[in-house]
Amino acid sequence: MEHSQARLDDLDRQLLALLQADARAPTAELARRLKVARTTVVARIARLEREGVVAGYGVRLGRRLEESAVRAFCGLSVQARSAGAVIKALERMPEVEGAWAVSGEFDYMVQLRCASPQELDALLDQLGQIDGVRQTQTSMVLSQKIDRRPTDAIAAAAATTTAEPT
């Protein structure tokens with residue numbers, strides 16, 4: 001796909017909302033909710049995938065596991081010549097949920113998820129020992145105030161707005 005923004009119509013947006021709520025929904029069910037032919041849904045999904053609008057499908061962890069996790073954000077300052085190696089080292093750590101190049105005091109902001117404070121402590125020691133990491137600063141997450149990821153409530157709303165009247 002070119003760097004231009006994909007053009008999405010109302011059907012695309014409704015389909016994306018349903019897929020975000022339940023990526024495993026059968027195409028026949030999606031077609032019924034959208035009131036279109038199953039082949040239309042299959043063709044739309046294929047186009048959205050081909051254009052990079054849909055980059056993949058994954059698992060959303062349940063609240064119990066999410067709430068029991070210890071989360072933190074860690075700012076990393078790295079030596080410029082070591083940046084690539086640092087990113088490769090981070091990619092090998094399953095506790096690293098994401099990493100962003102940022103402006104400001106740090107070069108990268110890394111999102112971490114561990115099972116316990118002790119595991120986080122050990123992980124922070126590992127991060128500090130990566131060749132090229134000059135400095136780290138970590139903030140533990142106390143609570144999440146906004147979560148824009150689809151939830152069961154959003155899924156229910158999407159189903160209600162697209163389902164046929166009974």
Side-chain angles (χ1 to χ4, degrees), residues 1-76 78 82-104 106-115 119 123 126-127 130 141 143-166:
M1 185 176 134
E2 299 174 8
H3 291 301
S4 62
Q5 188 173 7
R7 295 184 191 270
L8 302 177
D9 62 16
D10 286 340
L11 182 60
D12 289 333
R13 284 188 281 280
Q14 290 175 4
L15 177 57
L16 288 170
L18 291 172
L19 288 172
Q20 285 179 301
D22 182 7
R24 296 178 58 181
T27 53
E29 173 67 16
L30 295 170
R32 186 186 66 74
R33 289 186 177 186
L34 295 170
K35 301 176 188 165
V36 297
R38 189 187 68 76
T39 54
T40 300
V41 170
V42 171
R44 292 283 180 128
I45 291 173
R47 180 179 54 79
L48 293 169
E49 289 172 347
R50 188 176 56 252
E51 292 178 353
V53 174
V54 173
Y57 303 88
V59 174
R60 194 173 58 238
L61 299 176
R63 288 215 185 275
R64 183 181 308 170
L65 186 59
E66 282 287 321
E67 290 171 358
S68 69
V70 175
R71 302 191 103 151
F73 290 94
C74 184
L76 301 177
V78 302
S82 301
V86 169
I87 293 299
K88 286 182 180 170
L90 294 173
E91 287 174 340
R92 291 190 297 270
M93 298 176 162
E95 302 88 354
V96 174
E97 289 193 327
W100 297 265
V102 296
S103 62
F106 298 101
D107 300 303
Y108 298 101
M109 188 60 62
V110 181
Q111 183 178 357
L112 308 172
R113 184 174 172 283
C114 297
E119 189 179 306
L123 179 63
Q126 282 182 288
L127 289 174
I130 297 172
V141 174
S143 67
Q144 185 170 3
K145 302 299 184 186
I146 297 172
D147 184 355
R148 296 201 192 277
R149 294 174 300 161
T151 63
D152 293 336
I154 294 173
T160 301
T161 59
T162 58
E164 295 179 32
T166 54

Among Thr40, Asp10, Leu34, which residue meets the side-chain contact (heavy atoms from CB on, under 4.5 Å) test with Leu15?
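The option that passes is Leu34.
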
Please find the pair of heavy atoms, one from [X] and one from [Y], that lie closest to each other, and give the distance.
X	Y	result
Ala83	Tyr108	CB-OH, 3.4 Å
Asp107	Val78	OD2-N, 2.7 Å
Ala23	Tyr57	CB-CD2, 3.6 Å

Answer yes or no: does atom CZ of Arg13 have more than 12 heavy-atom neighbours from other residues, nucleotides or ligands under 6.0 Å?
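Enclosed: over 12 neighbouring heavy atoms sit under 6.0 Å from CZ of Arg13.
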
Can you find a heavy atom in the side chain of [X] that is under 4.5 Å from one in the side chain of [Y]?
X	Y	value
Leu90	Leu76	yes
Arg44	Asp9	yes
Ile45	Val41	yes
Leu112	Met93	no
Glu91	Ile87	yes

The test is salt bridge (charged side-chain N to carboxylate O under 4.0 Å, His left out); show your working for Glu29 and Arg32 and say whether it passes.
CA-CA 5 Å; Glu29 173 67 16; Arg32 186 186 66 74; 2.8 Å; yes

Working to the nearest 0.5 angstrom, can you tell me the gap between Lys88 NZ and Ser82 OG?
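Here the rounded value is 12.5 Å.
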
Could you measure the distance from the CD atom of Glu97 to the SG atom of Cys114? Nearest 0.5 Å is fine.
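Answer for the CD-SG pair, Glu97 versus Cys114, is 9.5 Å.
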
